[in-house]
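Working notes for the structure below.
Numbered from 1 within each chain, the chains take letters A, B, ... in sequence-line order. Side chains included, hydrogens not; waters and symmetry mates left out as well; all remaining heavy atoms used.
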Amino acid sequence: MDEKDLLLLHLLEDNSRLSIGELAVMTELGPQDAECRIAALEAAGIIRGYNALVDWERAGTGEVAAIIELKVNPERDYGYDRIAERISRFRQVRSLRLITGAYDLQIIVTGKSMQDIARFVSEYIAPMDRIRETATHIIMKSYKENGHAFLEKESGERIPFSP
Amino acid sequence: MRDFVSGRARTIPPSGIRRFFDLALTMEDVISLGVGEPDFSTPWNLCEASIYSIEQGGTSYTSNRGLQTLREALSRWLAQRYGLTYSPDREMVITTGVSEGLDIAVRAITDPGDEILVGEPCYVSYAPCVTLAGGTPVPVACGEEDRFRLNPDRVMERLSPRSKALIMNFPNNPTGAVMRREDLKGIADIAVDHDLLVISDEVYSELTYDGEHASTATVGDLWERTITLNGFSKAYAMTGWRIGYLCAPEPICDAALKIHQYVMLCAPVMGQIAALEGIRKGEAEKDQMVREYRVRRNLIVDGLNRIGLSCHVPEGAFYAFPSVASTGMSDHEFAERLLKEEHVGVVPGSVFGEGGKDHLRCAYAVSREDLKEALKRMERFIAANSSS
């Protein structure tokens, strides 16, 4: 991977809807070269997918999200991997990470309501054999996601011309 | 009552873009490529450092030269980054932006009647600063035929026994041109042969996209006859903080410092604290902004050439400088009609002096979306005018 690949990754992470033509101009690559590089990055599993970054609160669907921290007894030979894989298969789980600190795993879960999330945790996650403890934090408001601020930007006061 | 305005103040012209500014203020939905400042906010860690310092009571004067810690950090950084060696205690002054640095540099060296060569097109304040200091500005055209670089032959043509110094600015506002080390060697020879001082405004040095920035004072024997000006406005998106710096051999630096202490006392401490944070911990944010500028440069140069406005690839700063010669319109006519008809603001090149005629300065320090929309409107404007 070289500087051009890195630039492609930055540009696509920022806006995955850019066309090959635009990406080629921006990166000073030929369109074919840009396309090949992106294909290689996808094949290598560096680009894992293309998503829209949605402000669900604004979309008004009433969907809620929670961060759930889990204390887990690791499994001989597998550590946290097998239980993490089981948890990750649930549709409700948006992200799952192994973390340091008081808890071992952290998951972000979405649901139709707080009760929905509470039910998911109590019915599916908490009863798992290796889960010792859970802590659920309801996300009240998102201010920034994946590097994009969700705050309303104040209109700039740039003067129209300057020397 | 007599006219109290001094002859010098009367001599200097008002800014050539005032008319456009006034016109744009009366319009809505204007996309302005006329603004020579980053559209990014100052990186937040720099702001935080300044806020924290204010909370701790850091609101006083600093030494006339500026904060010792900032000068020391700058001295190390200049050495590492550009191979420039300046003593933080004897050869450096923190100024209130590069604008003040330029003013005190010119005043420190100019006596009435001295001629100061000015590479043009250039930032609009160079010639007026020379006039206000009692000198005579002598333009040296850096035209398209020289890829907007300073051609030693053209400098030679404008030399006279009264020539004292040469002001130059690379990467250049408004053309985006960059002088390479080999280009600077020709200038160094002239400076030595004709005993000239060089004032080198390098405020866009960190915005050099292709290759390395060659700092003037590191070429040949130029160090002892160079005043290096630089600042934080462009690379660190710190325009409003007004922090620049002047570096020069001790006798010249001392003279500039005297003027600085009488007229400015010191640069604002809040800005100096933010600048210090920038030098120490602002690299990643700066790199991110530079990467984005480069992407935008590629977009605008491609777009301008596509719609028929021939544009060289600017290697630095954040300005594209396309030619409007193919449209049959003058740069002023093009800029004014483009603003009125399509609400896109650009600056006519001739505002920046000789060599800028028939060109436009388009600042690409705007979002990619605005850039694309501006190009779309310019394309429509050109299409409408070529069919009529």
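Heavy atoms closer than 4.5 Å to chain A are found nowhere in B:Val301, neither backbone nor side chain. For chain B, the nearby part of A:Leu18 is the side chain; its heavy atoms alone come within less than 4.5 Å. Both the backbone and the side chain of B:Asp39 come within less than 4.5 Å of a heavy atom of chain A. In this structure, chain A has no heavy atom under 4.5 Å from any part of B:Gln288. Heavy atoms closer than 4.5 Å to chain A are found in both the backbone and the side chain of B:Val35. The contact between B:Arg368 and chain A is made entirely by side chain atoms (from C-beta outward), counting heavy-atom distances below 4.5 Å. For a residue to count as touching a neighbouring chain, one of its non-hydrogen atoms must lie under 4.5 Å from one of that chain's; by this rule B:Phe20 touches chain A with backbone and side chain alike. Of the atoms belonging to A:Asp14, it is side-chain heavy atoms, and not backbone ones, that fall under 4.5 Å from chain B.
Using modelled atom types, no side-chain atom of A:Asp104 and backbone atom of A:Lys71 make a donor-acceptor pair closer than 3.5 Å. Under a 3.5 Å cut-off, the side chain of B:Arg377 and the backbone N or O of B:Glu342 do form a donor-acceptor pair.
Between B:Phe352 and B:Tyr123, a ring centre-to-centre spacing not shorter than 6.0 Å is recorded. B:Phe381 and B:Phe334 have their aromatic ring centers within a separation under 6.0 angstrom. Two rings, from B:Tyr319 and B:Tyr204, have their centers less than 6.0 Å apart. Aromatic pair B:Phe148/B:His312: ring centres closer than 6.0 Å. With ring centers used as reference points, B:Tyr293 lies under 6.0 Å from B:Phe318.
Heavy-atom pairs under 4.5 Å with chain A were tallied for B:Arg297, B:Arg361, B:Arg296; the largest tally goes to B:Arg361.
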